[in-house]
Amino acid sequence: PVSLTTVNDATIVNVALCGLATVKAFSSKNMCHGDIKPSNMMFQAGNRIVVSIDFGSCTAYGSTLTATSPAFGMDCGTEASLRYDLTCLAASILLLSGISLTDIYTREDARSQLAMRSGLHFSIAAFCLDESVVDVDEIWEKSKTMVKVSLPSADWVVDLDELWPKNEKK
């Protein structure tokens, strides 16, 4: 098992990027994963690809989530939504970074914690909690740009051009 205090920044960046791709895949079908958290993520060899698992809580947007991990959803309530999944992803990034969720009850609490920290994964978490952003594609583009500028030749980062789900043609 991976100790939450020893997960390195590279792994957390890949968790953030692959987590965004998971949220995008579900949102393209107007669905909420409903339980994004570290224990529902599996690492491929080398910690480069992170796969989300446990779709038992998957629910259509607007419906009530029936099985949640409340600490990750913070103050989102139990309505299935893009905001709920993004909040859970941000909470996962915080937890994997060694920040306890014990005293983080709201998205504002999480934003306050993020404001005190620097790093690519913290920026991605902040994008996820930005109330003005309502489109996961916007978060992806901001994150992708930051990765390409900050880590132009990092071979440990997931392939940004292959990871993002493509929109279906109508």
Side-chain angles (χ1 to χ4, degrees), residues 1-107 109-110 113-114 120-122 124-129 133-137 139-140 143 156-160 162-168:
V2 176
S3 167
L4 295 183
T5 58
T6 61
V7 175
N8 63 34
D9 289 349
T11 300
I12 301 169
V13 167
N14 284 329
V15 164
L17 295 170
C18 292
L20 283 173
T22 296
V23 173
K24 169 63 178 183
F26 276 91
S27 72
S28 70
K29 298 296 183 188
N30 291 316
M31 300 291 288
C32 178
H33 179 283
D35 202 20
I36 294 175
K37 60 186 179 185
S39 63
N40 285 340
M41 297 174 183
M42 293 177 47
F43 295 93
Q44 187 183 42
N47 292 349
R48 190 167 177 203
I49 301 289
V50 182
V51 179
S52 295
I53 61 170
D54 190 6
F55 305 133
S57 298
C58 179
T59 308
Y61 283 169
S63 300
T64 300
L65 294 164
T66 56
T68 63
S69 299
F72 291 91
M74 298 181 208
D75 58 340
C76 281
T78 57
E79 181 178 313
S81 65
L82 174 63
R83 180 65 52 213
Y84 188 88
D85 275 349
L86 290 171
T87 300
C88 290
L89 178 58
S92 297
I93 293 167
L94 286 167
L95 186 62
L96 289 169
S97 301
I99 299 167
S100 171
L101 299 181
T102 305
D103 295 323
I104 299 176
Y105 303 106
T106 67
R107 288 168 286 175
D109 294 342
Q113 285 291 320
L114 290 165
L120 186 54
H121 53 287
F122 292 125
I124 295 171
F127 294 155
C128 290
L129 294 172
V133 175
V134 294
D135 183 7
V136 70
D137 291 292
I139 297 169
W140 175 254
S143 301
W156 52 264
V157 175
V158 68
D159 186 334
L160 297 171
E162 294 296 321
L163 178 66
W164 198 244
K166 308 293 186 246
N167 288 328
E168 291 180 11

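All figures in this text were calculated on a predicted structure; none of them were measured in a lab.
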Chemist: List for me each residue that meets side chain to side chain donor-acceptor pair (under 3.5 Å) alongside Ser52, sequence neighbours excluded, and say none if there are none.
Modeler: Thr22
Chemist: To the closest 0.5 Å, what do you measure between CD1 (Ile36) and CG (Asp85)?
Modeler: 4.0 Å
Chemist: Does any part of the side chain of Ser92, heavy atoms only, come nearer than 4.5 Å to the side chain of Pro38, both counted from C-beta?
Modeler: yes
Chemist: May I have all residue pairs that pass salt bridge (charged side-chain N to carboxylate O under 4.0 Å, His left out) and include part of residues 55-71, sequence neighbours excluded?
Modeler: none
Chemist: On a heavy-atom basis, which atom in Leu101 and which in Ala91 lie closest, and how many Å separate them?
Modeler: CD2-O, 3.9 Å
Chemist: For the CD1 atom of Ile104 and the CE atom of Met74, what is their distance to the nearest 0.5 Å?
Modeler: 6.0 Å
Chemist: What closest approach, in Å, do Ser39 and Ile53 show between heavy atoms, and which atom pair accounts for it?
Modeler: O-CD1, 4.2 Å
Chemist: Hey, could you give me each pair passing salt bridge (charged side-chain N to carboxylate O under 4.0 Å, His left out) that has a residue in residues 89-99? Not counting sequence neighbours.
Modeler: none
Chemist: Would you please name every residue forming a side-chain contact (heavy atoms from CB on, under 4.5 Å) with Ala21, sequence neighbours left out?
Modeler: Leu163, Trp164, Pro165
Chemist: Which distance, rounded to the nearest 0.5 Å, do you find between the CZ of Phe122 and the CG of Asp9?
Modeler: 7.0 Å
Chemist: Does anything in residues 63-72 form a side-chain hydrogen bond (donor to acceptor under 3.5 Å, both in side chains)? List the pairs, not counting sequence neighbours.
Modeler: Asp35-Ser69, Lys37-Ser69
Chemist: Is the shortest heavy-atom distance from the side chain of Leu82 to the side chain of Val134 under 4.5 Å?
Modeler: no
Chemist: Would you name the heavy atoms of Ser57 and Ala67 that are closest together and state the gap between them?
Modeler: OG-O, 2.8 Å
Chemist: First locate atom OG of Ser100, then atom CD of Gln113, and finally report the distance between them rounded to the nearest 0.5 Å.
Modeler: 9.5 Å
Chemist: Backbone N or O of Cys128 within a donor-acceptor pair of the Arg83 side chain at under 3.5 Å?
Modeler: yes
Chemist: With sequence neighbours left out, what residues match Trp140 under side chain to side chain donor-acceptor pair (under 3.5 Å)?
Modeler: none
Chemist: Restricting to non-hydrogen atoms, name the atom on Ala16 and the atom on Leu89 that form the minimum distance, rounded to 0.1 Å.
Modeler: O-CD2, 3.9 Å
Chemist: Can you tell me how far SG of Cys76 sits from CG of Leu86, rounded to the nearest 0.5 angstrom?
Modeler: 9.0 Å
Chemist: Only counting residues at least two apart or in another chain, list the ones meeting salt bridge (charged side-chain N to carboxylate O under 4.0 Å, His left out) with Arg107.
Modeler: Asp75, Glu131
Chemist: If you look at every heavy atom in Gly34 and Leu65, which pair is closest and at what distance?
Modeler: CA-CD2, 3.8 Å
Chemist: For the CG atom of Leu120 and the CG atom of Leu17, what is their distance to the nearest 0.5 Å?
Modeler: 7.0 Å
Chemist: Could you name each residue pair satisfying ring-ring contact (aromatic ring centres under 6.0 Å, His included) that touches residues 71-105, not counting sequence neighbours?
Modeler: none
Chemist: Give a yes or no on whether the backbone of Trp156 and the side-chain of Asn14 come within a donor-acceptor separation of less than 3.5 Å.
Modeler: yes
Chemist: Looking only at non-hydrogen atoms, find the nearest pair between Ile93 and His121 and report the distance.
Modeler: CG2-O, 3.5 Å
Chemist: Begin with the C-alpha distance, continue with both residues' side-chain angles, and end with the deciding distance and a verdict on side chain to side chain contact (heavy atoms under 4.5 Å, CB included) for Val158 and Val13.
Modeler: CA-CA 9 Å; Val158 68; Val13 167; over 6 Å; no
Chemist: Sequence neighbours left out, what passes ring-ring contact (aromatic ring centres under 6.0 Å, His included) with His33? Give chain and number order.
Modeler: Phe26, Phe55
Chemist: Under the salt bridge (charged side-chain N to carboxylate O under 4.0 Å, His left out) definition, can you give me all pairs with a residue in residues 86-104, not counting sequence neighbours?
Modeler: none
Chemist: Would you mind listing every salt bridge (charged side-chain N to carboxylate O under 4.0 Å, His left out) that reaches into residues 56-69, with sequence neighbours excluded?
Modeler: none
Chemist: How would you list, by chain and number, every residue that makes a side chain to side chain donor-acceptor pair (under 3.5 Å) with Asp109, sequence neighbours excluded?
Modeler: Thr106
